[in-house]
Undergrad: 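Supplied in structure tokens, the structure appears directly below.
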Amino acid sequence: MDKVFPDAPSALNGVVKDGMMVMAGGFGLCGIPEFLILALRDTGAKDLTVVSNNAGVDGAGLGLLLETRQIKKMLSSYVGENKLFAQLYLNGELELEFNPQGTLAERIRAGGAGIPGFYTKTGVDTVIADGKEEREFNGKRYILETGLFADLAIVKAWKADTSGNLVYRKTARNFNPMMATAAKVTIAEVEEIVDPSELEPDQIHTPGVFVQRIIRGGGYDKTIEHLTTRERA
Amino acid sequence: MAWTREQMAQRAAREFRDGYYVNLGIGIPTMVANYIPEGMTVTLQSENGMLGMGPFPYPGDEDPDLINAGKQTITELADSSYFDSATSFGMIRGGHIDLSILGAMQVAQNGDLANWMIPGKMVKGMGGAMDLVAGVKQVVIIMDHNARDGSPKLLKECNLPLTGAGVVDLVISDVGVFEIGGSGLVLTELADGVTVDEARKRTDADFSVAAEIAA
């Protein structure tokens with residue numbers, strides 16, 4: 001079976017429907033699946049629930065799906081840096097479920113690993129604990145969080161081989177590896193697709209079993225949100 | 001006279017110990033990295049997936065795939081490592097990080113911390129703050145002692161939604177240093193030129209004064 005698709009629109013063909021849950025990798029604009037987000041916008045799919053640590057910025061990343069009002073609900077840990085998001089949320093046009101970042105990461109990891117729930121001390125005695133089961137272990141209090149499993153995961157990696165094995169680069173890894181494991185269909189977009197003989201089996205970050213479709217994105221924007229440098233001595 | 005932001009960051013750096021793994025929040029906490037004592041090994045964790053965070057890059061050397069949790073461009077060191085977000089927060093939640101230095105909107109005398117949400121205003125989210133205060137061994141807060149309108153931030157009880165309950169170990173403000181432990185809130189150091197009386201006037205919380213500075 002060939003996992004390699006010619007482009008993002010063809011990779012999304014047949015797997016997108018209204019009301020679905022989509023996981024989108026990235027931290028800020030670092031390690032986001034730029035081309036799959038664009039193609040998802042162009043499918044016109046609506047009422048999406050999107051799981052992503054952030055919501056992009058105005059005019060980039062998931063901000064593009066906010067402009068077109070295709071997102072009904074976001075699960076995120078931090079959504080600053082996006083004026084349109086604030087406006088849609090305050091107008092009641094967008095639902096939002098905040099998850100502590102580590103809880104969000106673990107919910108995705110758990111979902112992909114077949115674990116329906118886990119106990120964590122993050123959020124005990126805060127609004128995050130409202131309505132959640134609490135339990136004591138060794139005299140300490142924990143709350144129950146549930147695993148997440150999506151209809152579709154769109155992730156960004158650095159390299160893939162044609163079997164779907166993925167390698168990420170630096171901090172562009174972030175949420176991508178867990179999301180790749182936690183959906184019915186995972187599509188990876190990468191900067192380079194190579195022959196399996198070219199990736200060292202010991203260096204694979206995401207084994208190919210988790211990846212159903214692969215595309216190569218060309219000409220990445222890779223927008224830097226806060227360019228920060230030091231002076232040469 | 002009171003401590004400047006640089007002096008607060010310098011004071012916070014005195015909490016470092018050789019071999020510590022440390023997570024620094026955004027703002028003044030980030031400045032603490034500039035004061036790691038000579039000869040001491042302190043490894044900085046960035047919760048988006050990196051241990052061994054290096055300095056900002058020289059112009060032209062920036063890499064969009066290499067950022068810190070504040071989304072600023074950074075560099076790697078010889079002993080840096082990268083990992084996914086679940087591993088990163090496993091490190092944090094699992095108690096493997098020694099010290100977290102964060103900012104605050106409010107701290108209560110029992111160690112409650114509020115730093116993520118003001119009801120009625122647009123909420124940006126807690127990011128990794130709730131995980132950090134729940135999991136890291138020692139939590140140090142650096143903050144201005146009073147809000148812009150002059151109201152105290154060190155309180156008997158927080159009235160903003162909490163980031164964590166009973167999680168703060170030490171507060172460093174422009175007024176001085178306060179420890180939170182078995183004997184409640186204790187003023188242990190005063191900034192240059194600040195008196196105990198002034199500290200009391202600017203604080204809502206009940207606190208005792210350590211013997212060294214009570215005189």
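Just so it is clear, the values below take in all heavy atoms, side chains as well, and ignore hydrogens, waters and symmetry mates. Here is how names work: the chains are called A, B, and so on, in the same order as the sequence lines, proteins then strands, and each is numbered from 1.
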Undergrad: Do you know which of A:H205, A:M178, A:R107, A:E106 has the most heavy-atom pairs with chain B at a distance under 4.5 angstrom?
TA: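 Option with the greatest count: A:M178.
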Undergrad: In sequence, state the C-alpha distance, the side-chain angles, and the governing distance for B:M50 and A:K170, and then conclude on side chain to side chain contact (heavy atoms under 4.5 Å, CB included).
TA: CA-CA 8 Å; B:M50 182 183 199; A:K170 301 184 188 283; over 6 Å; no
Undergrad: How many angstroms lie between atom OG1 of A:T228 and atom CD1 of B:I74, to the nearest 0.5 angstrom?
TA: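 The distance works out to 10.0 Å.
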Undergrad: Name the region of B:E47, side chain, backbone, both or neither, that has any atom closer than 4.5 Å to a heavy atom of chain A.
TA: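 Answer is both: backbone and side chain atoms of B:E47 are under 4.5 Å from chain A.
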Undergrad: Would you check if B:I67 and A:H226 make a side-chain contact, meaning some heavy-atom pair closer than 4.5 Å?
TA: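 The answer is no, as the side chains (C-beta and beyond) never meet within the 4.5 Å cut-off.
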Undergrad: What is the distance from atom NZ of B:K121 to atom CG of A:L90, rounded to the nearest 0.5 Å?
TA: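 Output value for this atom pair is 12.5 Å.
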Undergrad: Report the C-alpha distance between B:D84 and A:R173 in whole Å, list the side-chain angles of each, state the deciding distance to 0.1 Å, and finish with yes or no for salt bridge (Lys or Arg N to Asp or Glu O under 4.0 Å).
TA: CA-CA 6 Å; B:D84 64 58; A:R173 191 183 316 185; 5.4 Å; no
Undergrad: Could you name each residue pair satisfying ring pair (Phe, Tyr, Trp, His ring centres under 6.0 Å) that touches residues 131-172 of chain B, not counting sequence neighbours?
TA: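 Found B:H145-B:F178.
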Undergrad: Given that the side chain runs from C-beta out, which part of A:N53 has a heavy atom under 4.5 Å from chain B: side chain, backbone, both or neither?
TA: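 Neither; nothing under 4.5 Å.
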Undergrad: Establish, yes or no, whether the cationic atom of A:R230 lies under 6.0 Å from the six-membered ring centre of B:Y58 and within 45° of the ring axis.
TA: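 Yes, a cation-pi geometry holds between A:R230 and B:Y58.
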Undergrad: In terms of heavy-atom proximity below 4.5 Å to chain B, should A:I128 be classed as side chain, backbone, both, or neither?
TA: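 Only the side chain of A:I128 comes within 4.5 Å of chain B.
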Undergrad: Would you say that more than 12 heavy atoms from the other residues, nucleotides or ligands in this model lie under 6.0 Å from the NZ of A:K72, or not?
TA: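 Incorrect, the count does not exceed 12.
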Undergrad: If I measure from the heavy atoms of chain A, does B:E62 come under 4.5 Å with its side chain, its backbone, both, or neither?
TA: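 Contact with chain A: side chain only.
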Undergrad: Do other residues, nucleotides or ligands put more than 12 heavy atoms under 6.0 Å from the CZ atom of A:F118?
TA: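 Correct, the count exceeds 12.
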Undergrad: Take atom CD of A:E200 as the centre, draw a 6.0 Å sphere, and report whether it contains more than 12 heavy atoms from other residues, nucleotides or ligands.
TA: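 More than 12 heavy atoms, drawn from other residues, nucleotides or ligands, come within 6.0 Å of this atom.
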Undergrad: So which heavy atom on B:F56 is nearest to which on A:T229, and how close?
TA: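 Nearest heavy atoms, B:F56 then A:T229: CB-C, 3.8 Å.
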Undergrad: Looking at A:P100, A:G80, A:A105, A:A172, which one has more heavy-atom pairs under 4.5 Å with chain B than the rest?
TA: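 So the answer, after comparing A:P100, A:G80, A:A105, A:A172, is A:P100.
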Undergrad: Checking heavy atoms, do the side chain of A:Y168, its backbone, both or neither come under 4.5 Å from chain B?
TA: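 Interface part for A:Y168: neither.
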Undergrad: Is it the side chain or the backbone of A:L227 that comes within 4.5 Å of chain B heavy atoms, both, or neither?
TA: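 Interface part for A:L227: both.
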Undergrad: Non-hydrogen atoms of chain B under 4.5 Å away: do they reach the side chain of A:R109, the backbone, both or neither?
TA: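 Side chain only.
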Undergrad: Flag the one option from A:N174, A:T120, A:L96 with the top tally of heavy-atom pairs under 4.5 Å to chain B.
TA: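 Among the listed options, the one with the most contacts to chain B is A:N174.
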Undergrad: So with a 6.0 Å cut-off around CZ of A:R216, is the heavy-atom count from everything else above 12?
TA: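 No - once you tally the heavy atoms of other residues, nucleotides and ligands closer than 6.0 Å, there are 12 at most.
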Undergrad: Let's test your reading of the structure: which of B:S80, B:S88, B:A69, B:A114 forms the most heavy-atom pairs below 4.5 Å with chain A?
TA: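 Max contact count across the listed options: B:A69.
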Undergrad: Between chain A and each of B:G164, B:P161, B:G70, B:P55, count heavy-atom pairs under 4.5 Å; write down the option with the most.
TA: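 Result: the option with the highest number of such pairs is B:P55.
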Undergrad: So what's closer than 4.5 Å to chain A heavy atoms on B:T163: side chain, backbone, both or neither?
TA: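 It is the backbone, since no side chain atom gets that close.
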Undergrad: Tell me every residue that passes salt bridge (Lys or Arg N to Asp or Glu O under 4.0 Å) with B:D144, counting only those two or more places apart in sequence or in another chain.
TA: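 B:D144: salt bridge (Lys or Arg N to Asp or Glu O under 4.0 Å) contacts with B:R5.
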Undergrad: More than 12 non-hydrogen atoms from neighbouring residues, nucleotides or ligands closer than 6.0 Å to CZ on B:F83, yes or no?
TA: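 Check passes, neighbour count above 12.
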Undergrad: Which heavy atom of B:P59 sits nearest a heavy atom of A:R232, and at what distance?
TA: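 Closest approach of B:P59 to A:R232: O-NH2, 3.3 Å.
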Undergrad: Might you point out which heavy atoms bring A:Y78 and B:G125 nearest each other, and give the distance in Å?
TA: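 That would be CD1-O, 3.6 Å.
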Undergrad: Are any non-hydrogen side-chain atoms of A:F98 and B:M126 less than 4.5 angstrom apart?
TA: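 Side-chain contact under 4.5 Å: yes.
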Undergrad: For B:K71 and A:I224: C-alpha separation, side-chain torsions, deciding distance, then whether side chain to side chain contact (heavy atoms under 4.5 Å, CB included) applies.
TA: CA-CA 8 Å; B:K71 288 137 192 163; A:I224 293 175; over 6 Å; no
Undergrad: Under 4.5 Å heavy-atom distance to chain A, tell me which part of B:I92 shows up: side chain, backbone, both or neither.
TA: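 Looking at B:I92, nothing touches chain A.
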Undergrad: If you look only at distance, which donor and acceptor atoms sit under 3.5 Å apart when one is on a side chain in residues 129-141 of chain B and the other is two or more places apart or in another chain?
TA:
unit_1 : atom_1 : unit_2 : atom_2 : d
B:D131 : OD1    : A:G102 : N      : 3.4
B:D131 : OD1    : A:T103 : N      : 3.4
B:D131 : OD1    : A:T122 : OG1    : 3.2
B:D131 : OD2    : A:Q101 : N      : 3.3
B:D131 : OD2    : A:G102 : N      : 2.9
B:K137 : NZ     : B:D98  : OD1    : 3.1
B:Q138 : NE2    : B:E15  : OE1    : 3.2

Undergrad: Of all the heavy-atom pairs spanning B:P64 and A:C30, show the shortest one and how long it is.
TA: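 That would be O-SG, 3.5 Å.
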Undergrad: Do other residues, nucleotides or ligands put more than 12 heavy atoms under 6.0 Å from the NZ atom of B:K156?
TA: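 Check passes, neighbour count above 12.
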Undergrad: A quick test of your reading: do over 12 heavy atoms of other residues, nucleotides or ligands sit less than 6.0 Å from CD of A:E97?
TA: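 More than 12 heavy atoms, drawn from other residues, nucleotides or ligands, come within 6.0 Å of this atom.
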Undergrad: Using heavy-atom distances under 4.5 Å, tell me whether B:D112 contacts chain A through its side chain, its backbone, both, or neither.
TA: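 Interface part for B:D112: neither.
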Undergrad: Most heavy-atom pairs under 4.5 angstrom with chain A, which of B:G166, B:G127, B:G128?
TA: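 If we count pairs closer than 4.5 Å to chain A, B:G127 comes out on top.
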Undergrad: Start with the C-alpha gap between B:W116 and A:V127, add the side-chain angles, then the distance that decides, and say whether side chain to side chain contact (heavy atoms under 4.5 Å, CB included) holds.
TA: CA-CA 11 Å; B:W116 77 283; A:V127 294; 3.6 Å; yes
Undergrad: Taking only heavy atoms into account, what residues of residues 139-159 of chain A are found under 4.5 Å from chain B?
TA: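 Against chain B, none of the residues of residues 139-159 of chain A fall inside the cut-off of heavy atoms under 4.5 Å.
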Undergrad: I'd like to verify something: which residue of B:D65, B:T73, B:V123, B:L162 has the highest number of heavy-atom pairs under 4.5 Å with chain A?
TA: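 Looking at each option in turn, the highest pair count goes to B:D65.
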Undergrad: Crowded around A:N138 CG? As in, over 12 foreign heavy atoms under 6.0 Å?
TA: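 No - once you tally the heavy atoms of other residues, nucleotides and ligands closer than 6.0 Å, there are 12 at most.
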